[in-house]
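Below you'll find the structure, written out as structure tokens, and then a few comments.
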Amino acid sequence: MDIKTVSKKFDLPAPTLRYYEEVGLIPPVRRNASGYRDYDEIDLEWVNFAKCMRETDISIEVLKQYAELAQQGEQTEDQRKQILIEQQQVLEQQMQKLQHTHDFLDTKIATYEQHAKLMERIVKN
């Protein structure tokens with residue numbers, strides 16, 4: 001699959017895909033006879049993984065470390081799992097903060113008319 005197709009499939013700009021490869025977030029992508037990137041299924045899995053992990057705000061450095069460990073083989077499974085566990089904990093904290101904000105907004109919206117009427121009376125006086 002060429003970079004344009006992968007870009008559309010994952011809604012990632014081609015320069016981002018090149019960057020992911022350049023800095024080691026995904027392993028090097030095989031090139032075709034013309035020298036163009038030719039993504040296979042494993043490459044697509046890596047792109048999807050990198051995209052998902054970046055959406056959790058994982059740092060480039062940590063994601064790069066994970067990719068390097070993965071390329072070293074099975075002996076790094078525990079280290080990779082620990083990275084994922086730590087990122088999951090970060091994500092859970094973010095979700096709790098978002099839920100708190102969501103709940104606050106629910107309350108604010110539900111009582112908005114009351115507050116608006118009160119403010120209207122205060123402004124008139």
Side-chain angles (χ1 to χ4, degrees):
M1 191 176 294
D2 66 13
I3 197 166
K4 183 177 180 182
T5 306
V6 174
S7 175
K8 286 181 183 176
K9 178 178 178 71
F10 291 100
D11 193 28
L12 287 170
T16 299
L17 292 168
R18 289 186 200 99
Y19 175 75
Y20 281 5
E21 183 180 352
E22 179 184 320
V23 299
L25 301 187
I26 64 173
V29 177
R30 186 176 54 84
R31 305 291 181 122
N32 64 19
S34 300
Y36 294 107
R37 286 172 177 83
D38 186 16
Y39 292 82
D40 62 19
E41 286 302 315
I42 293 172
D43 297 324
L44 298 180
E45 288 177 22
W46 271 104
V47 169
N48 186 51
F49 176 74
K51 180 182 179 188
C52 287
M53 294 302 286
R54 288 295 294 145
E55 289 173 352
T56 70
D57 291 331
I58 192 170
S59 73
I60 297 288
E61 294 77 24
V62 173
L63 191 51
K64 182 178 175 182
Q65 177 188 13
Y66 182 93
E68 289 170 354
L69 289 169
Q71 292 178 50
Q72 292 174 23
E74 292 179 11
Q75 69 271 18
T76 66
E77 284 180 357
D78 290 340
Q79 291 168 283
R80 288 181 280 146
K81 184 177 179 182
Q82 188 59 41
I83 289 171
L84 296 177
I85 289 169
E86 289 170 6
Q87 193 56 33
Q88 185 179 43
Q89 292 169 346
V90 168
L91 187 58
E92 287 172 359
Q93 291 172 354
Q94 291 172 342
M95 289 169 51
Q96 289 173 358
K97 288 178 186 177
L98 286 172
Q99 185 62 53
H100 175 76
T101 302
H102 184 271
D103 294 346
F104 174 79
L105 288 174
D106 272 350
T107 301
K108 193 79 171 163
I109 291 166
T111 60
Y112 191 81
E113 286 184 22
Q114 290 174 322
H115 290 290
K117 287 178 183 177
L118 177 62
M119 291 306 293
E120 209 174 279
R121 281 188 248 141
I122 291 172
V123 171
K124 284 182 181 179
N125 291 332

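Keep in mind that this is a model prediction, so the values were computed, not measured.
- Taking 4.5 Å as the limit, every side-chain heavy atom of Lys8 sits out of range of all side-chain heavy atoms of Thr5.
- In this structure the side chain of Phe49 reaches within 4.5 angstrom of the side chain of Leu63, judged on heavy atoms.
- One distance of note links CE of Met1 with CZ of Arg37; it measures 15.5 Å at 0.5 Å rounding.
- The distance from the CG atom of Leu69 to the NZ atom of Lys64 is 12.0 Å, given to the nearest 0.5 Å.
- The stretch residues 23-36 participates, sequence neighbours left out, in these salt bridge (Lys or Arg N to Asp or Glu O under 4.0 Å) pairs: Arg30-Asp38.
- Between Asp78 atom CG and Ile83 atom CD1 the span is 11.5 Å, to the nearest 0.5 Å.
- Under 3.5 Å, the side chains of Asp103 and Gln99 contain a donor-acceptor pair of N or O atoms.
- Between Ala67 and Gly24, the shortest heavy-atom distance links the atoms CB-O, 3.2 Å.
- For the residue pair Pro28 and Gln71, the shortest heavy atom distance occurs at CD-OE1, 4.5 Å.
- Residues Tyr39 and Leu17 approach most closely at OH-CB, 3.7 Å, considering heavy atoms.
- Distance check, rounded to the nearest 0.5 Å: CE of Met53 to OG of Ser59 gives 9.5 Å.
- Applying the side chain to side chain contact (heavy atoms under 4.5 Å, CB included) test between Tyr66 and each of Leu84, Thr76, Leu25, Ile58 identifies Leu84 as the sole match.
- A continuous path of ILVMFWY side-chain contacts below 4.5 Å connects Val62 to Val47, so both sit in one hydrophobic cluster.
- Inspection of the Glu61 and Gln65 side chains reveals no N or O donor paired with an N or O acceptor under 3.5 Å.
- Put simply, the side chain of Lys51 does not reach to within 4.5 Å of the side chain of Thr16, judged on heavy atoms.
- Gln87 contributes a side-chain N or O that, together with a main-chain N or O of Thr56, makes up a donor-acceptor pair within less than 3.5 Å.
- For CD of Glu74, the number of neighbouring non-hydrogen atoms (other residues, nucleotides, ligands) closer than 6.0 Å is 12 at most.
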**Asked** Run the side-chain contact (heavy atoms from CB on, under 4.5 Å) check on Val6 and Asp43 step by step: do they pass?
**Response** CA-CA 10 Å; Val6 174; Asp43 297 324; over 6 Å; no

**Message:** Under the criterion side-chain contact (heavy atoms from CB on, under 4.5 Å), I'd like the reasoning laid out for Asp57 against Gln94: C-alpha separation, chi angles, the key distance, then a yes or no.
**Reply:** CA-CA 10 Å; Asp57 291 331; Gln94 291 172 342; 3.8 Å; yes

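- Enclosure of atom CD in Glu113 is not indicated, since only 12 or fewer non-hydrogen atoms of other residues, nucleotides or ligands lie within 6.0 angstrom.
- Here NE2 of His102 is found 12.5 Å from CE of Met95. Values are rounded to the nearest 0.5 Å.
- Atoms CG and CD, from Leu91 and Gln96 in turn, are 10.5 Å apart once rounded to the nearest 0.5 Å.
- Tested against Gln82, the residues Glu86, Gln79, Arg80 include a single side chain to side chain donor-acceptor pair (under 3.5 Å) partner, Glu86.
- By the 6.0 Å contact criterion, CG on Asp11 is open, its count of non-hydrogen atoms from other residues, nucleotides or ligands being 12 or less.
- Judged as a ring-ring contact (aromatic ring centres under 6.0 Å, His included), and not counting sequence neighbours, Tyr20 has no contacts.
- Summarising the hydrophobic clusters (Ile, Leu, Val, Met, Phe, Trp, Tyr; side-chain heavy atoms under 4.5 Å, direct or chained), the residues clustered with Leu105 are Phe104.
- Using a 4.5 Å heavy-atom cutoff, the side chains of Asn48 and Phe10 are in contact.
- Few gaps surround CD on Glu92; more than 12 heavy atoms of other groups in view lie less than 6.0 Å from it.
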**Message:** Quick one, Ile3 with Arg18, criterion side-chain contact (heavy atoms from CB on, under 4.5 Å). Give me CA distance, side-chain angles, the key distance, then yes/no.
**Reply:** CA-CA 9 Å; Ile3 197 166; Arg18 289 186 200 99; 3.8 Å; yes

